[in-house]
Trainee: 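One structure coming up, written as structure tokens, with questions to follow.
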There are 2 protein chains.
Amino acid sequence: MSEPGPRWLSADERAAWLALLSTTTLLPGALEAPLQQAAKLSLFDYNVLAMLSEAPTGALPMSELAARTSASLSRLSHVAKKLQARGLVKRAIHADDARVTSTTITGEGLALVGKIAPVHVESVRKLVFDRLDERDVADLARIGRKLMRGMDANHWILRTPAP
Amino acid sequence: MSEPGPRWLSADERAAWLALLSTTTLLPGALEAPLQQAAKLSLFDYNVLAMLSEAPTGALPMSELAARTSASLSRLSHVAKKLQARGLVKRAIHADDARVTSTTITGEGLALVGKIAPVHVESVRKLVFDRLDERDVADLARIGRKLMRGMDANHWILRTPAP
DNA sequence: TGCATTTAGTTGACGTGTCAAGTAAAAAGC
DNA sequence: GCTTTTTACTTGACACGTCAACTAAATGCA
């Protein structure tokens, strides 16, 4: 019985792979720079605040917030502590289940998101959507969701059906 | 609770954006786990060694290596120091230009890459290419290259013409 | 009821990435 | 030929992400 040899990448796959790898390497930093400059927020910080601001009550349990930001609970906990120190969120033990921490965006936090959301959307447009046509956008969503399925079949973004 | 901003994303764009953001967040960690387990190497470490091993002479200047790994010179310098301490690369001042540091992969480094390359290719396949059909691969390369053009028009991967 | 297990989150230590500052060599300007 | 600028890195400090260990509440189950 011989081991099957490594399934090396074809030339086309390699091209796609290099493009994907360099994109995942550079895109986060490129998106973060304007946020850092405008409000001393990391991309992840912004995302946490954005997810809270989009929640109907402005509050979410840590686990749910972690799911929506693709973060570990540990990472989120450190960041929530930092954001709380800046007065952008507050945390409280949930009434029905004392294990749950409910994180709420404050008025100050909402004001900050409101102020920098246009800045952020503008850089997302500039770096991503201004370069893509309608077909690209559909392809990107399709491929991105396929990849997510492989990494986390129950991920939050897959709860929403494909457009 | 979200504030409308200028040039806001459409529903389709938002779906693509969430898929892209979560992919860039989760993919690097997912690819790194097997490397970490097999050889205590980060994804970036591996990439540095892989790029050197693919160079005809097994050596590249720091700047070129930084370009091919999408890294800052600073980041690469720290990592090269670490890899040198592990005996996987060596560094030497270039003969023709004393400003240039030529980084060379050692025999030990080559042996390690040879050993774990199959492991890495397998996880790239499992996480990415096994989930994508031919059309997806072509779309991914096209979109990835478009995004790279926006972030760094002179990036290394764009030197190669599209397939 | 009592004890083990699971769930939810926090914490501290450690490694890594980033940024600002520094070094040294080469090229450009005059 | 002498100075200024640019290029090619290196370094140290700090911030962040991860991992392992921990706390505490809820649930399972016997």
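Naming: A, B, ... by sequence-line order, numbering from 1 per chain. From a predicted model like this one, the values you see are computed outputs, not experimental measurements.
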Trainee: Can you name the side chain to side chain donor-acceptor pair (under 3.5 Å) partners of Q37(B), sequence neighbours left out?
Mentor: none
Trainee: For R125(A), does the CZ atom sit with more than 12 other heavy atoms under 6.0 Å from it, leaving out its own atoms?
Mentor: yes
Trainee: For residues 53-73 of chain B, which residues have at least one heavy atom under 4.0 Å from DNA chain D?
Mentor: M62(B), S63(B), L73(B)
Trainee: Tell me, please, which residues at least two apart from A30(A) pass side-chain contact (heavy atoms from CB on, under 4.5 Å).
Mentor: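 A30(A): side-chain contact (heavy atoms from CB on, under 4.5 Å) contacts with L127(A), M151(B).
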Trainee: When the distance from CG of L41(B) to P of dT16(C) is rounded to whole Å, what number comes out?
Mentor: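 Answer to the nearest Å: 10 Å.
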Trainee: With side chain to side chain contact (heavy atoms under 4.5 Å, CB included) as the test, would you mind laying out the steps for L41(A) and Q36(A) before giving the verdict?
Mentor: CA-CA 5 Å; L41(A) 286 178; Q36(A) 202 65 249; 6.0 Å; no
Trainee: Tell me every residue that passes side chain to side chain donor-acceptor pair (under 3.5 Å) with T103(B), counting only those two or more places apart in sequence or in another chain.
Mentor: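 Testing T103(B) for side chain to side chain donor-acceptor pair (under 3.5 Å), a comparison that skips the adjacent residues, returns none.
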Trainee: If I compare all heavy atoms of A67(B) with all of R159(B), which pair ends up nearest, and what's the gap?
Mentor: CB-NH2, 4.3 Å
Trainee: Tell me, please, the opening and closing nucleotides of DNA chain D, 5' to 3', among those with an atom under 4.0 angstrom from a non-hydrogen atom of chain A.
Mentor: dC16(D) to dA26(D)
Trainee: Can you pull the salt bridge (Lys or Arg N to Asp or Glu O under 4.0 Å) pairs that have at least one residue in residues 71-89 of chain B, sequence neighbours excluded?
Mentor: D45(B)-K82(B)
Trainee: With the criterion being N/O to N/O and under 3.5 Å, what pairs connect the protein with nucleotides 12-14 of chain C, and how long is each?
Mentor:
residue	atom	partner	partner atom	Å
dG12(C)	O6	H78(A)	NE2	2.9

Trainee: Rounded at 0.5 Å granularity, tell me how far CG in L76(A) sits from CE in M62(A).
Mentor: 4.0 Å
Trainee: Name all pairs fulfilling the salt bridge (Lys or Arg N to Asp or Glu O under 4.0 Å) condition that reach into residues 22-39 of chain B, sequence neighbours left out, sorted by first residue then second.
Mentor: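 Pairs touching residues 22-39 of chain B that pass the test: none.
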Trainee: Within this structure, what is the CD-CG distance for the pair E108(B) and L88(B), rounded to the nearest 0.5 Å?
Mentor: 6.0 Å
Trainee: What's the shortest heavy-atom distance between G144(A) and T23(B), and which atoms?
Mentor: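 For G144(A) and T23(B), the tightest heavy-atom pair comes out as O-OG1, 3.6 Å.
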Trainee: Above 12 or not: heavy atoms from other molecules or residues under 6.0 Å from NZ of K126(B)?
Mentor: no
Trainee: Using side chain to side chain donor-acceptor pair (under 3.5 Å), reason through S70(A) and H155(A) one step at a time and then give a plain yes or no.
Mentor: CA-CA 8 Å; S70(A) 307; H155(A) 192 277; 2.9 Å; yes
Trainee: Rounding to a whole Å, what distance do you find between F44(A):CZ and dG17(C):C1'?
Mentor: 17 Å
Trainee: Identify the heavy atoms of L35(B) and L43(B) that sit nearest to each other, and give their distance.
Mentor: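 In terms of heavy atoms, the two residues are closest at CD1-CA, 3.8 Å.
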Trainee: For residues L60(A) and A55(A), report the shortest heavy-atom separation together with the two atoms involved.
Mentor: CG-CB, 3.9 Å
Trainee: Which dot-bracket string describes DNA chain C (Watson-Crick N1-N3 plus N6-O4 or O6-N4, or G-U N1-O2 and O6-N3, all under 3.5 Å; [ ] crossing; | other strand)?
Mentor: ||||||||||||||||||||||||||||||
Trainee: Check residues 110-124 of chain B and write down every donor-acceptor pair under 3.5 Å in which the side-chain atom is one partner and the other belongs to a residue at least two apart or another chain.
Mentor:
residue	atom	partner	partner atom	Å
E122(B)	OE2	R7(A)	NH2	3.1
S123(B)	OG	H120(B)	O	3.0

Trainee: With a 4.0 Å heavy-atom cut-off, tell me which residues in residues 18-39 of chain A come close to DNA chain D, sorted by residue number.
Mentor: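 Hits under 4.0 Å, by residue number: none.
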Trainee: Which pair of heavy atoms, one from A19(A) and one from M148(B), lies closest together, and at what distance?
Mentor: O-CG, 4.4 Å
Trainee: Counting only heavy atoms and a strict 4.0 angstrom limit, can you tell me which residues of residues 86-102 of chain A come near DNA chain D?
Mentor: D97(A), A98(A), R99(A)
